[in-house]
> 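Quick one: the structure is below, and I'll ask about it shortly.
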Amino acid sequence: MSELDDLLRNNRDWADKVCQDDPSFFERLSKQQSPRYLWIGCSDSRVPANQILGLDPGEVFVHRNVANVVVHSDLNCLSAVQFSVDVLKVEHILIVGHYGCGGVHASMTGMRLGLVDNWLRHVGDVCGKHADRLAKVENDALRHARLCELNVIEQVANLCHTTVMQDAWARGQKVAVHGWCYSLSDGRVRELGMDVAGPEQLQPAYERALASMPVAGKRDE
Ligand SMILES: [Zn+2]
C-alpha cells in the first residue's frame with residue numbers, strides 16, 4: 001500500500017468525472033492550449049491559480065516561485081513569460097501575491113530559513129526601497145500586508161521592464177500586466193491599481209498604486 005494511493009485514486013476519479021461532463025475534454029486539450037492568462041504567483045500551497053480564478057485546465061499558463069518574484073536574470077520566469085507572450089499570445093499577465101506570505105515575512109524580519117534567504121533578498125530590496133513608507137505603518141501585521149502589496153507592485157514594474165514586454169508592446173501586441181494580492185482569510189483577490197497595458201502607463205500606474213495604498217487598516221474591499 002503506497003502512501004500515494006490516495007492521490008492516484010483521486011486522479012482517476014477526477015479524470016472520470018471530467019470525461020463524464022465533457023467526453024472530448026482531454027482529447028481537445030491534448031492537441032492545443034490557448035490560455036488567455038499568465039499567472040505569476042507564490043509557490044505557497046494555499047494559492048492555487050486555477051481554483052482561485054475558477055478556470056479549467058488549458059485556461060491559465062502558470063509560473064510560481066517563492067514570494068512571486070520577477071528577476072531579470074531568472075531564465076525560468078523569463079522563459080515562461082516569453083513563451084506565453086510570444087507563442088501563446090496571452091492577453092493578461094497576473095502577478096498575484098498573497099497576504100500572510102511566509103517568504104515576505106522572512107525578508108521583513110530577517111528570519112533565516114536557509115538557501116532560500118538568497119532568493120528572498122529580492123523582497124528584502126523592496127523592503128529597503130520602501131523603508132520610509134513601511135516605518136509609518138502602525139503594527140507588524142499591517143506592515144507585513146503592505147510589504148506583500150509593495151512586492152507585487154515592484155514585480156509588476158520589473159516585468160514591464162523586461163525585453164519581452166517592451167518588445168511585445170513595441171510591435172503593438174495587446175497584452176496587459178496586473179498586480180493583485182490574494183487573501184488567505186477570505187479567498188478573495190484585491191486589485192492593487194497596478195494595471196499596465198503599455199510602457200507609457202507604467203510610471204503613472206506605479207504612482208497611483210503607491211498613492212492609494214493605505215497606511216492604517218485594511219484595504220477597502
Ligand atoms: Zn507566499
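Each ligand, and each atom within it, is numbered from 1 in the order the structure gives. Just so it is clear, the model here is predicted, and its values are computed rather than measured.
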> Report all side-chain donor-acceptor pairs from residues 49-60 shorter than 3.5 Å, counting only partners two or more places apart or in another chain.
from  : atom 1 : to    : atom 2 : distance (Å)
Asn50 : ND2    : Leu55 : O      : 3.2
Asn50 : ND2    : Asp56 : O      : 3.2
Glu59 : OE1    : Asp56 : N      : 2.6

> From Asn158 CG over to Met165 CE, what is the distance, rounded to the nearest 0.5 angstrom?
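CE of Met165 is found 13.0 Å from CG of Asn158.
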> Mind checking whether His161 and His72 have parallel, tilted or perpendicular rings, split at 30° and 60°?
tilted
> I want to verify a count. Protein N, O or S atoms less than 2.8 Å away from the Zn ion (ligand 1), how many are there?
3
> Would you say Asn151 and Gln155 are linked by a side-chain donor-acceptor pair, where the criterion is simply a distance under 3.5 Å?
yes
> For the residue pair Trp180 and His178, does the interplanar ring angle fall in the parallel (under 30°), tilted (30 to 60°) or perpendicular (over 60°) class?
tilted
> If you round to the nearest 0.5 Å, how far is SG of Cys101 from CG of Leu147?
9.0 Å
